[in-house]
Amino acid sequence: GVFTPHPAVDGSALGFYEPHMNGRRIIAHGGDTNYFHTELGLLEKEGVGSFFCVNTGGKAALVPRHFLRAFMNHYFPARLPAVKPPDDFDARAGKYAGRYGAIRHSYTRFEKVFGLFGGAAVAPTGKKTLLIPDLFGHSAQYAEVAPGVFREVGGDRTVAFVENGAGQVVGMVGQFAFIPFAKLRWSDSPPFHFALLAFALLFFLIALVSALRHWKSDKAGPPAARW
């Protein structure tokens, strides 16, 4: 069986996930370390698949993903229908804008700090579309194709936004089946935490420099004045 956080986006199973490329369903799984990257793609109905791996880092880490896309474009090309964004979308785009953080991270251990890195900043383009980055930081324009559902302009990736009972956007799904995103409050966003850290370091340096500057004079004063 496949679990999906939204009917409009791809889902995941035990160890595998379900991307769609060129209108075809793929059973896939990728694996990564710092210097080893793989990508498996199986087309069940077509009875064919591919497996690609590299033992390197840097930009070459994306080669397996690009290979699967090239494989599909070569052997299973498709011309997807163009998407036309609604004329009134710019008036509603603000509800989707904001910062979103992946919910798959540590919440109770020191590794929680790594949650400050990454995430996604969604922004309206002013052209009836949203600018949404993927997990690797590459941004693309998305047009609304159904309420809260967006498809990549010129591509086949789909994301959906999750709303609460009051109609407020609280999450985003579809970027990767295993990693849903929650919309962050301003106090939870990385820029706020980095600014807070910067101020804390600044005050620490000020206190340290002040202590060093007055160390001799404090040492020469009466003992009671140093306590």
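Note that the numbering runs from 1 along the sequence shown for the chain. Only heavy atoms go into these numbers, but all of them, side chains included; no hydrogens, no water, no symmetry mates.
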Connected hydrophobic set around V149, excluding itself, where side chains approach under 4.5 Å
V83, V145, V153

Under the ring pair (Phe, Tyr, Trp, His ring centres under 6.0 Å) rule, what pairs show up with a residue in residues 35-60, not counting sequence neighbours?
F52-F67

List, by chain and then residue number, the residues other than L197 in its hydrophobic cluster (Ile/Leu/Val/Met/Phe/Trp/Tyr, side-chain heavy atoms under 4.5 Å); write none if there are no others.
L201

Please list all pairs meeting salt bridge (charged side-chain N to carboxylate O under 4.0 Å, His left out) that have one or both residues in residues 129-144, counting only residues at least two apart or in different chains.
R92-E144, D134-R157

Check salt bridge (charged side-chain N to carboxylate O under 4.0 Å, His left out) between K127 and all other residues, then give those that pass, not counting sequence neighbours.
none

Across all chains, not counting sequence neighbours, the side chain to side chain donor-acceptor pair (under 3.5 Å) partners of S50 are none

Contacts of K128 that satisfy salt bridge (charged side-chain N to carboxylate O under 4.0 Å, His left out) - sequence neighbours left out:
D87

Mind checking the CG-CZ spacing from L14 to F3? Nearest 0.5 Å is all I need.
12.0 Å

Could you give all pairs that pass the side-chain hydrogen bond (donor to acceptor under 3.5 Å, both in side chains) test and reach residues 165-180, with sequence neighbours left out?
N164-Q168

Remaining members of V170's ILVMFWY cluster at a side-chain heavy-atom cut-off under 4.5 Å?
V9, V162, V173

Who passes salt bridge (charged side-chain N to carboxylate O under 4.0 Å, His left out) against K45, sequence neighbours left out?
none

My understanding is that only residues two or more places apart in sequence, or in another chain, count here; which of them pass salt bridge (charged side-chain N to carboxylate O under 4.0 Å, His left out) with R79?
none

Using the salt bridge (charged side-chain N to carboxylate O under 4.0 Å, His left out) rule, collect all pairs that involve residues 62-77, keeping only residues at least two apart or in two chains.
D32-R65, E39-R65, R69-D156

Would you say F89 ends up clustered with I132 if hydrophobic residues are merged whenever their side chains have heavy atoms under 4.5 Å apart, either directly or through other cluster members?
yes

